[in-house]
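All remarks here apply to the structure that follows.
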Amino acid sequence: MSGLQVGAVVLAAVATVVGVAVFVRGVVVIVRTVRTGRPLPGRWTPVGPRLATLVREVLGHGRFQQRPAVRAAHWVVMVSFPVLVVTLLTGYGQLVDPRYGLPFLAHWVPLEWAVEAFAWLGLLGIAYLIALRQRVRPRADEPEVAQRRSRFFGSNQVWAYVVEATVLLVVVAVLALRGLEYALGVQDGEAWATALHFPLTAWFGAAWTAVAPGTLATAVVVVALVKILVSMAWFVVVGLLPTMGVAWHRFLAVVNVYARREPDGTPALGPLVPLRDAAGEPLDLTAVDDLPDDLRLGVGAIEDLPWKGLLDVATCTECGRCQDQCPAWATGKPLSPKLLTLALRDHAAATAPYVQAARAAGASPEALADPHLGVDLVASGVIDPDVLWACTMCGACVQQCPVDIEHVDTIVDIRRYQTLMESAFPAELGGTFTKMERRGNPWGLPARQRLDWAKGLEFDVPVVGVDVESATEVDWLFWVGCAGAFEDRAKKTTRAVAELLHAAGVTFAVLGDGETCTGDPARRAGNEALYQMLAAQNVETLNEVGAQRIVVTCAHCFNTISREYPAMGGRYEVVHHTQLLDTLVGEGRLRFAPGTGEDADGATVTYHDPCYLGRHNQVYEPPRELLAAAGVTLAEMPRNRETSFCCGAGGARVWMEETIGERIGTVRAAEAVATGASAIATACPFCTVMLSDGVAAHARASADGGGAAGPTTPGGSGTADGTTPDDVGTHPTPGAAATGTHEPAAPHEPTTAGPRPQVGVPEVADIAVLLRDRLAHQD
């Protein structure tokens with residue numbers, strides 16, 4: 001060996017030992033950090049379905065469906081990583097002998113083609129990703145408002161550049177080595193030095209065949225050494241930075257996807273995770289007397305997170321796709337799912353060593369008194385209260401995340417601790433909780449008014465226990481819900497559904513004052529105790545009346561009864577009214593007549609996908625099929641189906657003021673108005689309320705020559721962002737300012753028929769209302 005080769009071998013050996021050692025150290029740090037989390041049973045089994053999901057998700061890149069170019073680029077870069085490892089092994093041998101090849105594999109044509117194909121594709125892929133980052137990255141010379149539009153805002157750009165540069169240098173080195181190997185083979189007269197073995201590199205390798213053999217050999221040694229040093233430098237960097245998710249996600253994502261909440265591959269949406277004790281077992285808060293006095297409910301400190309939650313934050317690749325889809329972030333609020341994840345990641349990394357040391361020391365006074373333990377995530381400032389409570393739990397972040405981070409589960413667990421242990425929740429929720437507990441509905445209205453919506457109908461609405469003995473005597477039990485019973489706009493939907501079912505010959509009954517709130521707002525606000533109380537009461541009632549098939553109009557009730565009540569012992573066939581009506585249309589039991597005037601056939605309607613019907617439960621087509629059956633033309637908003645933009649009501653946000661940024665509902669309404677549709681169809685009462693208010697605010701702002709209306713600022717007539725105040729929606733009731741507590745406004749008084757919107761302003765109505773207006777005479 002020459003002196004160059006000896007030096008290269010020594011340098012490569014040292015770099016490899018250091019690189020591997022530091023990388024292993026990083027693995028150990030991450031494993032120890034994740035292990036500080038609480039147990040979470042059931043995340044390793046069933047093995048078969050989880051492995052199938054892992055293979056499908058990783059190889060199929062299913063979470064990149066809305067970004068086909070990024071999907072292709074990321075896929076080839078990902079696959080090139082293991083394929084090109086063989087060239088790294090070859091590189092070590094080439095330091096000793098520039099003509100070295102792996103035994104049995106050196107000139108195996110399928111492997112050679114794969115290496116060259118993925119080297120070129122990897123080069124193109126990483127070049128595209130680098131160009132994309134440069135195009136959409138935040139610019140330091142721009143105002144923060146402009147920077148926030150970039151999904152990379154808040155991401156560590158330097159770390160990303162390190163990863164991209166590493167990939168770029170490695171694939172370039174691989175291609176250069178292939179060209180040099182071809183040139184050496186030609187000079188040596190080797191039979192394998194043909195285009196068959198070098199399909200994509202022989203064309204430039206041929207230009208080097210005139211170079212002196214010694215020079216070519218030296219070039220091989222140098223390039224191989226560079227490739228080894230770049231690879232080992234990357235090992236050192238990521239090993240020293242266990243929080244470098246943009247690099248570690250290559251390894252951690254495999255485990256995170258495998259251990260996802262739903263083994264079948266569906267997103268961690270729909271039902272929330274149960275409240276668990278320190279052993280990871282679900283807690284029954286209806287048996288309060290059986291709970292230990294020192295029980296911590298929810299996630300108050302980082303060590304309260306389950307191990308999957310800690311793995312989640314370690315896996316985050318800082319791509320910002322969750323941030324890009326978050327309605328709170330898009331409307332100027334401080335919540336970014338990505339930045340919240342990164343805050344928890346950094347805090348976990350800083351705290352884990354102390355947690356490990358305390359556990360090793362046992363329950364000694366010194367360990368228990370460690371100020372690094374039990375740090376309140378909110379009170380300490382790790383998570384700002386405005387960040388925690390801005391979440392609508394629409395699930396866009398979970399649906400978009402390519403590495404299966406379960407943001408919503410973590411946020412609700414933190415809310416649970418704040419609500420149940422600290423009583424630290426937005427003041428408006430205090431009144432809402434009290435009304436739900438005492439009156440069984442968030443408005444605090446008497447249960448006797450639950451049947452007021454049925455007054456004036458041309459037929460009687462039977463009540464279980466009064467008109468029929470059991471729900472088994474009718475086709476469907478109609479769950480009206482609180483909004484459907486008390487909110488005027490939602491009452492129109494309730495009446496319309498009842499009329500449509502009656503016209504189709506479907507028998508149904510209601511519970512009347514036997515209904516109570518499903519508990520959805522309480523649960524998503526963290527009040528698990530109130531939720532369990534209401535849910536247990538409803539499940540008992542439903543089981544007593546023999547409920548088997550239930551139809552609901554509220555997307556939140558639909559999600560709660562169908563997806564969450566089974567854990568409370570309530571298992572029923574639950575359908576949303578759009579699903580049932582779509583079935584009835586398909587069976588020919590409902591037919592619609594052509595409209596007249598503005599409602600004539602071909603009238604343009606845009607449809608808003610409710611988060612808890614669409615994204616959480618994958619119900620996208622029935623509402624659209626109903627609109628088609630009614631003879632209207634559907635004008636889709638740019639954000640629809642999986643990428644639908646939230647109305648702003650979820651996560652109990654409908655009961656809280658929006659005091660920061662623009663109103664989410666107003667932004668969504670503006671998007672709907674921009675389609676030019678004459679009506680905005682909805683399928684959830686809260687969406688109807690929020691979009692109605694949003695359309696009104698948008699119309700006022702447009703009439704004033706301004707932009708979209710924003711929220712009112714507490715204590716004044718201005719707004720947080722200087723836009724026109726919005727005086728429609730859930731606002732403090734009179735006297736709220738004096739007590740310091742805010743309560744949602746009472747529902748509008750019932751009206752027989754609401755006025756048509758002003759010219760140029762689309763009507764907002766549930767699909768059932770639009771269908772009822774076009775109902776043809778049934779034979």
Side-chain angles (χ1 to χ4, degrees), residues 22-40 43-44 50 54 57-58 63 74 78 81 152 154-160 162-163 166 234-261 267-268 273 280 299 301-323 336-357 359 372 375 377 382-383 397-398 400-411 413-414:
V22 175
F23 182 79
V24 170
R25 176 256 183 197
V27 172
V28 171
V29 169
I30 292 175
V31 170
R32 287 178 175 174
T33 299
V34 171
R35 290 186 65 186
T36 61
R38 289 182 172 184
L40 191 60
R43 290 305 181 99
W44 297 112
R50 289 189 178 279
L54 175 63
E57 285 292 314
V58 173
R63 295 299 182 86
H74 189 275
M78 178 197 72
F81 187 79
F152 295 120
S155 300
N156 192 311
Q157 300 296 324
V158 174
W159 290 357
V162 168
V163 172
T166 299
W234 185 78
F235 269 38
V236 170
V237 170
V238 301
L240 293 175
L241 296 170
T243 56
M244 191 178 177
V246 68
W248 281 104
H249 84 278
R250 287 175 174 269
F251 312 101
L252 300 181
V254 174
V255 184
N256 213 47
V257 172
Y258 177 87
R260 63 189 302 159
R261 197 175 85 185
V273 288
V299 172
I302 197 69
E303 57 265 34
D304 294 332
L305 274 172
W307 65 263
K308 176 59 168 63
L310 293 175
L311 180 61
D312 274 349
V313 300
T315 306
C316 179
T317 185
E318 303 185 30
C319 67
R321 290 175 57 193
C322 58
Q323 180 174 287
S336 158
K338 177 185 71 177
L339 298 182
L340 180 139
T341 299
L342 300 187
L344 291 174
R345 178 198 67 190
D346 294 343
H347 182 62
T351 305
Y354 299 98
V355 176
Q356 297 160 11
R359 289 178 179 173
H372 297 93
V375 177
L377 293 171
V382 175
I383 299 175
C397 51
V398 177
Q400 285 290 317
C401 183
V403 293
D404 279 318
I405 294 174
E406 298 161 6
H407 312 78
V408 171
D409 291 348
T410 296
I411 289 173
D413 264 338
I414 299 173

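Scope of the values below: all heavy atoms of this structure, side chains included, with no hydrogens, waters or symmetry mates.
- Within the 4.5 Å cutoff, side-chain heavy atoms of Val255 are placed close to those of Leu311.
- By the neighbour-count criterion of 12 heavy atoms within 6.0 Å, atom OH of Tyr354 is sparsely surrounded, having that number or fewer from other residues, nucleotides or ligands.
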CA sep, side-chain torsions, deciding dist, call: Leu344, Ile383, side-chain contact (heavy atoms from CB on, under 4.5 Å): CA-CA 8 Å; Leu344 291 174; Ile383 299 175; 3.8 Å; yes
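- Between the side chain of Thr317 and the backbone N or O of Cys319 there is no donor-acceptor pair closer than 3.5 Å.
- Electrostatic pairing of Arg345 and Glu318 counts as a salt bridge here, judged by a charged N lying under 4.0 Å from a carboxylate O.
- Looking at every heavy atom in both residues, Trp44 comes nearest to Tyr258 through O-OH, 2.7 Å.
- Contact annotation: the side chain of Pro242 never approaches that of Met244 to less than 4.5 Å [non-hydrogen atoms, C-beta and beyond].
- Side-chain contact check for His407 versus Leu340: every heavy-atom pair is 4.5 Å or farther apart.
- Between the side chain of His347 and the main chain of Ala343, no donor-acceptor pair closer than 3.5 Å is present.
- The shortest distance between side-chain heavy atoms of Val22 and Phe235 does not fall below 4.5 Å.
- Within the 4.5 Å cutoff, no side-chain heavy atoms of Val299 are placed close to those of Thr410.
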Worked check of side-chain contact (heavy atoms from CB on, under 4.5 Å) between Val237 and Leu240: CA-CA 5 Å; Val237 170; Leu240 293 175; over 6 Å; no
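- Judged by distance alone, the side chain of Arg321 and the main-chain N or O of Gln400 form a donor-acceptor pair under 3.5 Å.
- Looking only at side-chain heavy atoms (C-beta outward), Arg43 and Trp307 come within less than 4.5 Å of each other.
- Taking the side chain as every heavy atom from C-beta outward, Leu54 and Val254 approach each other to under 4.5 Å.
- Put simply, the side chain of Arg50 never gets that close to the backbone of Val257: no donor and acceptor are under 3.5 Å apart.
- Using a cut-off of 4.0 Å between Lys/Arg side-chain N and Asp/Glu carboxylate O, Lys308 and Glu406 are scored as salt-bridged.
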Stepwise side-chain contact (heavy atoms from CB on, under 4.5 Å) check, Leu377 with Ile414: CA-CA 8 Å; Leu377 293 171; Ile414 299 173; 4.2 Å; yes
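- Residues Cys316 and Ile405 have side chains in contact (heavy-atom distance under 4.5 Å, counting atoms from C-beta outward).
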For residues 28-37, which side-chain donor-acceptor pairs fall under 3.5 Å, sequence neighbours excluded?
| from | atom 1 | to | atom 2 | distance (Å) |
| --- | --- | --- | --- | --- |
| Thr33 | OG1 | Val29 | O | 2.8 |
| Thr36 | OG1 | Thr33 | O | 2.5 |

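- Between Phe23 and Trp248, the ring-plane angle classifies as parallel under the 30° and 60° cut-offs.
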